[in-house]
There are 2 protein chains.
Amino acid sequence: MPEPNTHEPTFDRLLQVAVEIFAEVGFRDATVREICTRANVNVASVSYYFRSKEVLYEQAIAFAFQEACQLYPPDASFDQSLSPELRLGLVIDGFLHKLLDDSRLGFLNKLIAREIYEPTKALDDIIATVIAPQFKQFEDIIQQILGTPIDKLTMQRCITSIFGQCLMFKHSRSIIDRLYPELIADALAIQATAQHITQFSLNALLPLKKSLQESA
Amino acid sequence: MPEPNTHEPTFDRLLQVAVEIFAEVGFRDATVREICTRANVNVASVSYYFRSKEVLYEQAIAFAFQEACQLYPPDASFDQSLSPELRLGLVIDGFLHKLLDDSRLGFLNKLIAREIYEPTKALDDIIATVIAPQFKQFEDIIQQILGTPIDKLTMQRCITSIFGQCLMFKHSRSIIDRLYPELIADALAIQATAQHITQFSLNALLPLKKSLQESA
DNA sequence: ACTTGTTTTAAACAACCGTTTAAAACAAGT
DNA sequence: ACTTGTTTTAAACGGTTGTTTAAAACAAGT
């Protein structure tokens, strides 16, 4: 029985493995030798098919993005018929699971999380195509929850607060593992944690509504 | 006029510069050559005074810790006579400023933030001496705010939520700089952002108190 | 079978890393 | 002045990195 990855063309195997390894250890710590070894491919193939490690990285991100698009099409969180509170919960739950899941589902979000912490040239693209839209979605949801327009900076801070609570579990994973491992022990725990972040944020947002109404 | 760092002994200059560079670029991306160059010292000095780059790193962290301890002694946030709400604000404000300040004040917290994202052997020490106590302080404050004992996991999640909101501005600095630069434009803006995180978290915590009382 | 263009391969390259070496420079005690 | 122990120095070492090379293997058309 031949290895499964021997049948697919070299180019595709390289891309797939590149996504995995870049997501695992980041651009800097990933070596083209490791990528090629795991893809059953000669070291020179990276230079041959892509021009450099950098180009391979960009293509890997693009590939992961395409893969993600067709893997999970427009979420239920975009369904405008649902209440904004429910949609906020769906977004957070999906985001957290993708950040913590170790299957192919989470590769894109892991690449992005790495790119956020240690940016490369690719970050600006990622912000434009992924992060800014996600922030916009948060903004819309928050807007609908509050009902009334809100101060621009306050809105930015609220988005940051929600986003920060989620990313904590990726960027500060080491702390979670050592101090609070139960919070992400299994899928159920993750779901409960997502539920907490949602409720925590909703609790925090509602008084903003009140103080706005009172001052009107 | 001789360079100021020529008078201090080699050992001390190495430590000081090491703290700076490790805080700036992290353990992996820091090169002993760069450290030695900026300290006006020969490359071999690292092996001579410390055994290796690793040991230098550990000593640098320890040095930064000592420096921080005598630079800002026990905060007002420990003053038990103040209200827990106020103390929460003080902790968050101090933490955020140290995370974002580029002077010597912030070196320790930057080293720690890096260590959290990409742990080395030093992390366990740091958790025991810095992070766990800080989390304990959050726990005490939250406890006092709520008045009544709270579920252990809920407590852990609340601490994580607050901590995550703060660390967002360090670990996801690239996003802030590109999308919401006004949030940390100057000391005043940072203070306002800290105020937001505090109010956001207080808003989120209070309903926990209510739901506990109601279920009692 | 032979040619042509593409793909794969083992080996080498140049640059950089942390670390070591052995000699030179220095300081202090006698 | 000379010895002894410490510090500094330029140079080199061994290993790893991304990238290149030039020859071998392969595929397809005629």
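The figures that follow rest on heavy atoms only: side chains count, while hydrogens, waters and symmetry mates do not. Note on naming: letters A, B, ... go to the chains in the order of the sequence lines (proteins, then strands), and numbering restarts at 1 for each one.
- A donor and an acceptor atom, one from each side chain of A:Q165 and B:T160, are nowhere located under 3.5 Å apart.
- Atom NZ of B:K53 is separated from atom P of C:dC17 by 9 Å (rounded to the nearest Å).
- Each of A:R51 and A:T31 has a nearest nucleotide on DNA chain D; the 5'-most of these lies closest to A:T31.
- With hydrogens and angles left out, the side-chain atoms of A:Q144 and A:D140 include no donor and acceptor closer than 3.5 Å.
- Taking 4.0 angstrom as the limit, A:S45 places none of its side-chain polar atoms (N or O) nearer than this to OP1 or OP2 of C:dT8.
- With values rounded to the nearest 0.5 angstrom, A:C69 atom SG is found 8.0 Å from A:L108 atom CG.
- Across the protein-nucleic acid pair, B:Y49 atom OH and C:dT20 atom C1' stand 17 Å apart, rounded to whole Å.
- For A:K53 (side chain) and A:A30 (main-chain N/O), a donor-acceptor pair under 3.5 Å exists by modelled atom type.
- No option in A:F135, A:F138, A:F163 other than A:F163 meets the ring pair (Phe, Tyr, Trp, His ring centres under 6.0 Å) test with A:F95.
- Taking OG of A:S201 as the reference point, atom CD1 of A:I162 lies at 4.5 Å (rounded to 0.5 Å).
- The interatomic distance linking A:N40 (CG) with C:dT8 (P) rounds to 12 Å, in whole Å.
- Taking the side chain as every heavy atom from C-beta outward, B:S174 and A:Y117 never approach each other to under 4.5 Å.
- Side-chain N/O atoms of A:N42 include none lying less than 4.0 angstrom from OP1 or OP2 on C:dT7.
- The side chain of A:A44 sits closest to D:dT20 out of C:dT8, D:dT8, D:dT20.
- For B:S52 and C:dG18, the shortest distance from a side-chain N or O to OP1 or OP2 is not below 4.0 Å.
- For DNA chain C, no neighbouring residue in residues 21-30 of chain A is found when judged by any heavy atom under 4.0 Å.
- Of the candidates C:dG18, C:dT8, D:dT19, the closest approach to any side-chain atom of A:R33 belongs to D:dT19.
- Closest to the side chain of B:V32, out of D:dG18, D:dT8, C:dT19, is C:dT19.
- Using a 4.5 Å heavy-atom threshold, the side chains of B:Q156 and A:L179 count as separate.
- Under 4.0 Å is where a charged nitrogen must lie from a carboxylate oxygen, and between B:E115 and A:R178 no such pair does.
- Residue contacts shown for A:F50 are absent, as no nucleic acid heavy atom lies under 4.0 Å away.
- Using a 4.0 Å heavy-atom criterion, one finds that B:F11 contacts no nucleic acid atom at all.
- Closest approach to the B:S47 side chain among C:dT20, C:dG18, D:dT7 is made by C:dT20 (side chain taken as heavy atoms from C-beta onward).
- Regarding A:I35, its CD1 atom lies at a distance of 11 Å from the P atom of D:dT17, rounded to whole Å.
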Quiz item: Once Watson-Crick and G-U wobble pairs under 3.5 Å are found, how is DNA chain C written in dot-bracket notation, 5' to 3', with | for any base paired to another strand?
Solution: ||||||||||||||||||||||||||||||
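- With rounding to whole Å, B:L14 atom CG is found 15 Å from C:dT19 atom C1'.
- Nearest to the side chain of B:Y48, among C:dT7, C:dT20, D:dT7, sits D:dT7.
- Taking the charged nitrogens against the carboxylate oxygens, B:E67 and B:R104 do have a contact shorter than 4.0 Å, which makes a salt bridge.
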